[in-house]
Amino acid sequence: MNFDTSKDCKDSVHKVIKDEESSKTDELIPEIDKSCSKVQGVSDEFCPIVKEEPTMAFPKTQGQSDEYAYTKTSRFTSEIFKIEVGNLPRRFGYGECKKLMSRKLQLKPHKINVVSRINKAYITFKNEEDKAEAFEKLQGFEYKGKQFHVKNAKPKADAMAAKRSLEKSDDVSEKKKFKLNDENISPQEILKNTVTPWWKMSYGEQLEEKHRAMCKSLAELRKSICAIDNLDGPVFRWLMQQKKESGLCCPTRQILSSPTIIGYRNKCGFTVGENVNGEITVGFRLGKYRDQICAVESPTEILHVSEKMKEIACCFAKYVQQSDLKPYNKHTFKGHWKQVTVRMTRNNSVMVTISMTKQDLTEEQLSSEQNSVKDFFKSSNCQFETLLWQMVPIHIDPSGDTTPAKILEGEGVIYESLFDLKFRISPTAFFQCNTAGAEVLYSCVRDLVLHGEKDQDNSVLECDNQKTILLDVCCGTGTIGLSLAKYVKEVIGVDICQEAIDDAKINAKLNDIANVQYHCGKAEDVLPNLIHKLSHAVSDIVAVVDPPRCGLHNKVIKALRQCAFIKKLVYVSCSVDQARTNFIDLCRPSSKRLSGFAFKPILAQPVDLFPHTAHCELVLLLERISPDIPKPDAEGTKAELITANTKDETAL
């Protein structure tokens with residue numbers, strides 16, 4: 001192709017580059033499709049609706065990597081079916097875009113990335129037909145006074161292509177080399193700094209630092225809530241009182257320590273790879289993949305990994321070393337062995353899950369390898385209750401489906417004890433990684449659910465179990481709800497994982513607990529109807545939410561706000577900063593988006609479940625505010641007006 005070197009052409013190229021730099025997706029390495037052998041997202045052949053300017057091919061300089069080579073392989077990537085939609089309305093976000101595409105226009109987008117600052121969206125699809133349909137419907141589509149402009153978009157560049165090029169080149173910059181030449185630091189010390197960064201600190205110092213960090217987050221939360229316009233009077237007065245007393249959003253208890261700080265993890269996922277010397281190793285990465293560090297080191301000196309788990313990792317490393325199959329390489333997408341996941345209980349029951357990619361192996365070869373792995377583990381000194389085999393895709397499956405694990409030995413589940421209860425754990429079910437710490441955490445939750453008070457004998461004061469229903473959101477295997485079942489009238493659990501729900505039902509039967517029921521589905525989909533039914537039957541609902549790190553979906557917050565019978569909410573968060581939006585929305589005044597009286601934070605209790613790391617759990621108690629009498633502004637103070645819609649409350 002002949003390149004136009006005129007100023008207009010150069011400006012056009014610079015604009016393309018600038019726009020494409022903003023179209024970053026959340027995938028580390030894009031996925032790939034068997035039906036495509038060339039980059040279709042950069043050609044103008046497919047769309048007759050609008051004449052596209054031909055995409056300029058930038059000549060590669062010597063040593064430059066092919067950042068788009070992945071689009072020419074036989075594996076799926078939605079990046080080759082990518083379009084750019086321009087001239088979007090202001091404040092056109094992801095949710096509105098998804099709703100417009102999926103519901104109104106009946107399109108089938110695979111990934112959506114809205115870049116609000118340039119009023120553009122980058123959308124990928126699973127195949128050429130879906131992309132063509134979207135191109136036809138969106139080109140010239142008018143929405144909120146804007147007419148959409150659609151054109152093909154370049155695929156996302158492979159972030160690791162540059163590293164692969166450097167590895168093949170003799171002229172490698174010293175800054176790009178992995179820094180292990182320092183004689184004063186060993187690979188094991190680098191690994192400890194990566195996996196357990198606080199391993200050099202005493203545990204007392206760790207607790208003090210975590211408590212300070214938690215107080216800082218709670219102070220920032222108070223400022224964020226106080227910045228809300230027309231804040232409800234009771235909430236505002238409470239926060240002003242807390243500002244005078246401590247500067248935080250609510251009283252905060254001293255952090256509770258973990259009973260065990262060495263070998264406390266009951267689940268570890270060990271990566272199969274090569275260490276810095278090129279030797280096959282099973283353990284943890286020395287750094288982050290996004291930093292182009294994929295070297296793996298054995299967990300020999302990692303404090304939070306038990307000796308039993310280290311033994312199994314070492315055992316599997318020996319097997320892979322003598323295997324004809326190689327570890328999976330994230331750079332080249334070749335190889336088979338990916339990971340071994342070990343789960344262990346207090347009574348030393350062990351579940352081992354081997355993960356690998358099939359690549360071009362036949363079913364006979366897979367069956368032979370499975371038998372070989374099973375025989376190797378059975379003949380070794382590693383004791384285990386169940387062994388599973390998990391086939392994993394090279395990239396994320398666009399359908400979101402995963403192949404169920406195959407049981408090679410045992411029942412496929414293990415059993416753990418918590419308090420005086422017994423729990424069944426499946427391979428994919430969530431269970432707190434620190435069992436002893438989980439008992440401390442759930443005891444704290446129980447105390448706060450039961451009014452957060454203790455009698456003179458330090459025993460928990462029971463609430464009226466004839467009136468209270470416990471709503472356990474993100475219930476997992478039912479640990480929180482089942483441990484509180486004897487204190488309430490009924491426990492209702494909700495979780496998105498079917499295996500976890502199945503385990504929760506079995507756990508209820510194992511412990512002869514009858515006053516529980518569990519529902520599988522997204523909390524934002526299940527809760528509205530569930531709460532609507534409950535509101536007609538009971539007058540007192542206590543909600544306990546234990547969501548993932550990112551927090552609850554805004555629809556769940558909306559459902560919790562709308563149910564007037566939820567007087568108390570206990571929020572278990574493993575990241576206060578990421579859950580801040582949830583806390584703020586729970587405290588906002590009533591509006592069209594969030595109806596119902598607001599909550600206010602009453603008490604915070606930090607709990608350490610992750611010694612030797614910066615992570616910490618927080619249990620936050622929130623209570624529903626009572627109606628207040630409107631008061632006029634006085635001397636420039638903030639108006640203490642209740643904005644809740646009492647009609648909506650009466651209706652509920």
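None of the values given here were measured: they were computed from a predicted structure. Computed from heavy atoms alone, side chains included, the values below leave out hydrogens, waters and symmetry copies.
Within the structure, salt bridge (charged side-chain N to carboxylate O under 4.0 Å, His left out) contacts touching residues 593-617 (residues at least two apart or in different chains) are K210-D608, D585-R593.
Within 6.0 Å of the NZ atom in K243, the count of heavy atoms belonging to other residues, nucleotides or ligands does not exceed 12.
No salt bridge links K99 with E96; every basic N to acidic carboxylate O contact stays at or beyond 4.0 Å. Ion pair K505/D502 not flagged as a salt bridge, since none of the NZ, NE, NH1 or NH2 atoms sits closer than 4.0 Å to an Asp/Glu carboxylate oxygen.
Across every non-hydrogen atom of P601 and C249, the tightest pair is CG-O, 3.7 Å. The shortest non-hydrogen separation linking L248 to C215 is CD2-O, 3.1 Å. In terms of heavy-atom proximity, G551 sits nearest to Y571 at CA-OH, 3.5 Å. Across all their heavy atoms, A598 and D232 have their closest contact at CB-OD2, 3.5 Å. In this structure, P109 and M101 approach most closely via the heavy-atom pair CG-CB, 4.0 Å. Of all heavy-atom pairs between I541 and L471, the closest is CG2-CB, 4.1 Å.
Scanning for salt bridge (charged side-chain N to carboxylate O under 4.0 Å, His left out) contacts around E205 gives an empty result, with sequence neighbours left out.
When each of Q206, K200, H304 is checked for a side chain to side chain donor-acceptor pair (under 3.5 Å) with H612, only Q206 meets the rule.
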Inset, instruction - Carefully, step by step, assess N434 and S258 under the rule side chain to side chain donor-acceptor pair (under 3.5 Å). - result: CA-CA 8 Å; N434 183 342; S258 170; 3.0 Å; yes
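Taking the six-membered ring for Trp and thresholds of 30 and 60 degrees, F270 and F284 have ring planes inclined between 30 and 60 degrees apart. Using cut-offs of 30° and 60° on the angle between ring planes, the pair F610 and H615 is perpendicular.
Residues S575 and D577 have side chains that never bring a donor and an acceptor to within less than 3.5 angstrom of each other. Side-chain contact check for E499 and T428: at least one donor-acceptor pair (N or O, by modelled atom type) lies under 3.5 Å. In summary, the side chains of Y442 and T479 do present a donor paired with an acceptor at a separation below 3.5 Å, with no hydrogens or angles considered. T345 and N266 share no side-chain donor-acceptor pair at under 3.5 Å. No side-chain donor from either of H211 and E209 sits under 3.5 Å from a side-chain acceptor of the other.
Put simply, the side chain of N113 reaches to within 4.5 Å of the side chain of V115, judged on heavy atoms.
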